[in-house]
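Written out below as structure tokens is the structure these notes cover.
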Amino acid sequence: MAPQLDPGDLVARAQRGEPRAVARLISLVENAGPQLRDIAAALAPHTGRAQVVGLTGSPGVGKSTSTSALVSELRRRGKRVGVLAVDPSSPFSGGALLGDRVRMQEHATDDGVFIRSMATRGHLGGLARSTPQALRVLDAAGCDVILIETVGVGQSEIDIVSLADTTIVLMAPGMGDGVQAAKAGILEIADIFVVNKADREGADQTVRDLKYMISLGDRRSRDGTAWTPPILKTVAARGEGVEDVVAAIDAHRDWIDRTGERERRRLQRAESEIQAITLEQVRARLGDVGGSAALPELAKRVVAGELDPYRAADELIAAAGSG
């Protein structure tokens with residue numbers, strides 16, 4: 001039997017910038033093993049400092065290339081950068097299928113960059129279930145900026161807004177009716193729009209379409225100050241326009257700090273995470289009850305008309321609690 005690792009020691013080593021300790025912590029939180037609670041407790045006092053930036057958009061817009069270009073620009077400015085690249089799961093191994101680390105090889109030998117591919121493992125919304133805890137690991141490890149690249153599944157990919165301080169929505173010209181298809185979900189979450197591959201025909205039309213969509217809405221903070229998402233053009237493969245994107249990220253950070261929006265978002269993030277963990281624990285307990293005689297017996301009573309399904313659910317939850 002392998003010896004138990006000391007979570008406090010692992011976190012201390014991660015804080016000193018040891019890549020192996022960071023990688024081990026992320027693996028442990030991904031696998032949700034018995035030490036997960038101890039790790040979460042050890043991480044908690046050392047988090048909340050990093051700036052979290054999410055990148056999302058439909059497949060083909062150049063998310064990985066844009067992420068790599070942003071890493072280069074942030075490193076040029078002396079920032080320590082963490083990247084969580086969420087990929088679809090392999091149906092065979094359950095691991096990350098595309099492996100964004102392969103597409104970011106230029107940063108592989110940089111001690112100031114930590115890149116991790118994470119598998120969705122069937123979790124919807126563009127993120128992996130363990131992304132919030134992996135984010136805490138990189139935060140505790142001293143990353144100034146953490147970039148989260150979502151899986152790229154289109155307008156349903158909106159979980160990132162509950163996790164990021166700043167959300168970048170990437171678009172590209174020549175994507176047909178991409179703006180119209182996205183407007184029902186993904187457009188509303190953007191703090192910054194980036195039209196990548198702007199050297200292609202149709203880039204200016206994409207910008208005009210976005211300006212029109214933005215004109216239909218208004219986003220305000222608690223003090224009534226409006227934030228209008230800027231629309232920027234980039235050619236990420238050549239690094240063009242990336243400085244403007246980083247400047248926009250900084251401007252949005254200043255705005256959310258000045259208006260209290262960052263605190264509001266982080267409180268909302270914590271509430272959502274607590275709720276998700278609670279529901280997961282309830283499901284686990286109900287799963288245990290489902291293997292007993294309680295559920296079939298309640299089902300018989302519902303079929304016989306002796307009990308309505310809502311009351312049956314109450315009894316099942318009560319049985320789980322008493323177990």
Side-chain angles (χ1 to χ4, degrees), residues 1-50 52-55 64 67-68 71 80-105 107-151 159-160 163-164 269 273 276-277 280-281 284:
M1 184 176 177
Q4 288 260 312
L5 294 167
D6 179 359
D9 177 61
L10 265 182
V11 171
R13 285 165 51 199
Q15 285 186 285
R16 293 195 295 269
E18 294 184 25
R20 292 185 66 178
V22 177
R24 189 62 187 273
L25 282 168
I26 294 179
S27 294
L28 288 168
V29 300
E30 273 193 293
N31 295 330
Q35 288 184 289
L36 178 58
R37 288 173 177 268
D38 292 336
I39 291 168
L43 289 170
H46 310 292
T47 59
R49 300 176 182 86
V52 184
V53 179
L55 292 93
S64 294
T67 300
S68 183
V71 172
R80 286 179 57 84
V81 184
V83 178
L84 295 175
V86 184
D87 280 336
S89 298
S90 164
F92 303 104
S93 68
L97 188 60
L98 299 180
D100 289 83
R101 284 172 292 183
V102 175
R103 298 195 288 269
M104 299 184 198
Q105 281 302 305
H107 306 296
T109 58
D110 188 343
D111 292 339
V113 179
F114 187 92
I115 300 170
R116 178 66 173 245
S117 292
M118 302 183 70
T120 56
R121 302 186 182 183
H123 187 60
L124 301 178
L127 298 178
R129 190 181 301 277
S130 55
T131 305
Q133 289 302 326
L135 174 66
R136 283 192 172 89
V137 173
L138 294 182
D139 192 354
C143 290
D144 300 303
V145 181
I146 301 171
L147 303 175
I148 305 176
E149 180 195 329
T150 67
V151 73
D159 278 3
I160 188 63
L163 201 57
R269 179 192 309 172
E273 190 176 5
I277 292 169
E280 192 171 324
Q281 290 177 350

Using residues 139-147 as the side-chain source, report each donor-acceptor pair under 3.5 Å to any protein atom, sequence neighbours left out, with the distance given to one decimal.
from	atom 1	to	atom 2	distance (Å)
Asp139	OD1	Arg49	N	3.4
Asp139	OD1	Ala50	N	3.1
Asp139	OD2	Gly48	N	2.5
Asp139	OD2	Arg49	N	3.4
Asp144	OD2	Arg80	N	2.8

Sequence neighbours left out, what passes side-chain hydrogen bond (donor to acceptor under 3.5 Å, both in side chains) with Arg269? Give chain and number order.
Asp165
To the nearest 0.5 Å, what is the distance between CG (Leu84) and OG1 (Thr67)?
11.0 Å
What heavy-atom pair brings Ala14 and Ala21 nearest, and what distance separates the two atoms?
N-CB, 3.7 Å
Just to verify, what does Asp110 make a side-chain hydrogen bond (donor to acceptor under 3.5 Å, both in side chains) with, not counting sequence neighbours?
Arg75
Scanning both residues in full, the closest heavy-atom pair of Val29 with Ile26 reads CG2-O, 3.1 Å
Those residues at least two apart in sequence (or on a different chain) that pass side-chain hydrogen bond (donor to acceptor under 3.5 Å, both in side chains) with Glu273 are Gln133, Arg136
Arg16: partners by side chain to side chain contact (heavy atoms under 4.5 Å, CB included), with sequence neighbours left out:
Ala12, Arg13, Glu18
Between His46 and Gln15 (side chain of the first, backbone of the second, donor and acceptor by atom type, cut-off under 3.5 Å), is there such a pair?
no
Is the shortest heavy-atom distance from the side chain of Ile148 to the side chain of Val53 under 4.5 Å?
no
Calculate, to the nearest 0.5 Å, the distance between atoms CD and CG belonging to Gln35 and Leu10 respectively.
8.0 Å
Side chain to side chain contact (heavy atoms under 4.5 Å, CB included) involving Arg37 - partner list, sequence neighbours excluded:
Gln281
For Pro45 and Ala41 the tightest heavy-atom approach is CD-O, 3.4 Å
Sorted by chain and residue number, the side chain to side chain contact (heavy atoms under 4.5 Å, CB included) partners of Ala23 (sequence neighbours excluded) come out as Phe114, Arg116
Quick one: does Val71's side chain get under 4.5 Å of Val83's, heavy atoms only?
yes
Reported CG-to-CD1 distance for the pair Leu28 and Ile39, which is rounded to 0.5 angstrom:
4.0 Å
